[in-house]
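Just so we're clear, the structure is a prediction, and the values are computed from it rather than from any experiment.
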Amino acid sequence: MDQGRERGLGGCLVEGLAQSRVVGGAAPIMTVLGTRISRKNMLMLLMGLFILGNLISAAAPVFAVMLIGRVVASLAHGAFFGIGSVVAAELVAPDKKAGAISMMFTGLTVANVVGVPLGTFVGQSAGWRVTFLIVAALGVLGLAGVARLVPDVPRPEGVRLRHEVAAFRNTQVVLAMAMTVLGFGGVFAAITYIAPMMTEVGGFAESSVTWLLVVFGLGMVAGNLIGGRFADRRLMPMLYTALGGLALVLLLFTFLASGKAASVVAVFLIGLLGFATVPPLQKRVLDHAHGAPTLASAANIGAFNLGNALAAWLGGLVISAGLGYAAPNAVGAALAAAALVLAVISHRLELRQARTSAVNPGPAAAPDHSHTPDEDSSLGARADIGL
């Protein structure tokens, strides 16, 4: 296959991946289909689907079949991490939930650090089919790990699909998902266009983009661990800091993208601050979707993909308008700032609800878990987040 054809196939693969991520937003649908089986069995089923999708791509005789494989694999992604978040949170004490969620996502962040250079090397030296086969083999290891290490926690009794869907009537759940869309929109507004931004504005060689993405991945790992550690102590202050810092870094990056040193620091901080929001936002969804968190958790993973798509579209608009390859950073700053505004609104609504409940407790009745205060509420209200 000549180089021109290779480059054309590479472009199609990138486009196909973007399309498959959109389909991957069907995570809630996959979660609904698994509401009648145990969470461990559902995780194993999803991992099997991931393996199958990569095997289809590896054996694909034409691009259309390869795209089908990518879509099949992407169907497992959101649901796996959504259900995995619930399982991780169930296995620890209430004050350790964000840390457990962050440890689960550490695998994803480390995979980005290792997978970017390794995937590039394998693809260039052995071909793209081998890359898909290696990913499928890693999926087999993951399947074995789930089968061996994840406890067979029984499916909660009395939880039906209507209970899972009811979580979306909770204002706090919807606000947390909106924060996920906007916050990660801020991250991917910059990272989606990092290659032309760094080569055309920053003056980096094309070969430098790979290690810049590794720097971004290292920031993801650090941010995920930091977010998990502090979200269990002070969830909302952690969100304020991460979203506010992300908006500021992206705004500065708009004007400093021409400097190489500043660009490297900015790329690392975007990864760190962006992924520092993952454990607190995922925990917030689990807290407020009390008693039926699985579908809401999976939907929040889909919100990450929605933020990715939204950011790519908006970033493309400002570039097409002639504002330059650094302009998506300004879009990202605006998205992150909007997420910060939603975080402030969400917390104020929560505190108002807690004050109202304290003043007017009403007659004894079954507790209403639709408005669960965080542990960091200034009223000292304890979060009732048992699952």
Side-chain angles (χ1 to χ4, degrees), residues 1 5-35 37 39 41-85 105 107-108 111-112 115-116 118-120 122-123 127-143 146 177 180-181 184-185 187-188 191-192 213 294-295 297-313 315-316:
M1 184 181 289
R5 187 179 175 189
E6 284 281 0
R7 284 193 294 269
L9 178 59
C12 290
L13 283 173
V14 172
E15 181 181 355
L17 177 58
Q19 294 175 16
S20 70
R21 280 189 173 184
V22 172
V23 177
I29 299 175
M30 296 299 297
T31 305
V32 167
L33 295 177
T35 52
I37 64 176
R39 286 168 180 157
N41 288 340
M42 188 60 187
L43 288 175
M44 294 175 65
L45 177 63
L46 291 169
M47 187 58 74
L49 198 62
F50 175 79
I51 296 168
L52 175 63
N54 282 283
L55 289 176
I56 291 173
S57 294
V62 295
F63 173 72
V65 176
M66 181 187 295
L67 180 58
I68 290 173
R70 300 304 294 138
V71 170
V72 170
S74 71
L75 285 172
H77 179 269
F80 185 89
F81 280 97
I83 296 172
S85 296
F105 278 98
L108 175 64
N112 276 273
V116 169
L118 181 61
T120 301
V122 172
W128 54 268
R129 294 185 189 274
V130 177
T131 303
F132 283 119
L133 287 173
I134 291 175
V135 174
L138 292 174
V140 172
L141 291 177
L143 177 60
V146 172
M177 291 182 183
T180 297
V181 172
F184 258 75
V187 172
F188 283 101
I191 297 304
T192 300
L213 290 175
T294 310
L295 184 58
S297 177
N300 197 47
I301 300 299
F304 287 97
N305 289 326
L306 179 57
N308 189 341
L310 174 66
W313 176 64

Quick one: closest heavy-atom pair of [X] and [Y], and the distance?
X: Ser297; Y: Gly82; answer: OG-O, 2.7 Å
X: Arg129; Y: Ser57; answer: NH1-O, 4.5 Å
X: Phe105; Y: Ile301; answer: CZ-CD1, 3.6 Å
X: Met44; Y: Val146; answer: CG-CG1, 3.6 Å
X: Ala312; Y: Thr192; answer: CB-CG2, 4.0 Å
X: Asn54; Y: Ala136; answer: CB-CB, 4.0 Å

Working to the nearest 0.5 angstrom, can you tell me the gap between [X] [atom1] and [Y] [atom2]?
X: Leu43; Y: Leu143; atom1: CG; atom2: CG; value: 10.5 Å
X: Asn300; Y: Leu306; atom1: CG; atom2: CG; value: 11.0 Å
X: Asn305; Y: Phe188; atom1: CG; atom2: CZ; value: 8.5 Å
X: Leu46; Y: Ile83; atom1: CG; atom2: CD1; value: 5.5 Å

Residues passing the side-chain contact (heavy atoms from CB on, under 4.5 Å) test with Thr131, sequence neighbours excluded, are Val122
Residues passing the side-chain contact (heavy atoms from CB on, under 4.5 Å) test with Leu138, sequence neighbours excluded, are Ile134, Leu141
* To do: Taking Asn308 for its side chain and Phe304 for its backbone only, find out whether a donor-acceptor pair lies under 3.5 Å.
  => no
Evaluate Phe50 against Val135 for side-chain contact (heavy atoms from CB on, under 4.5 Å), listing each step before the verdict. CA-CA 9 Å; Phe50 175 79; Val135 174; 3.5 Å; yes
- Evaluate the criterion side-chain contact (heavy atoms from CB on, under 4.5 Å) for residue pair Leu52 and Ile56; output intermediate values, then yes/no. CA-CA 6 Å; Leu52 175 63; Ile56 291 173; 4.0 Å; yes
Enumerate, atom names and distances included, each donor-acceptor pair closer than 3.5 Å involving a side-chain atom of residues 58-67, sequence neighbours excluded.
none

Practice item. Anything under 30° is parallel, anything over 60° is perpendicular, the rest tilted; go ahead and classify Phe132 against Trp128. Key: perpendicular
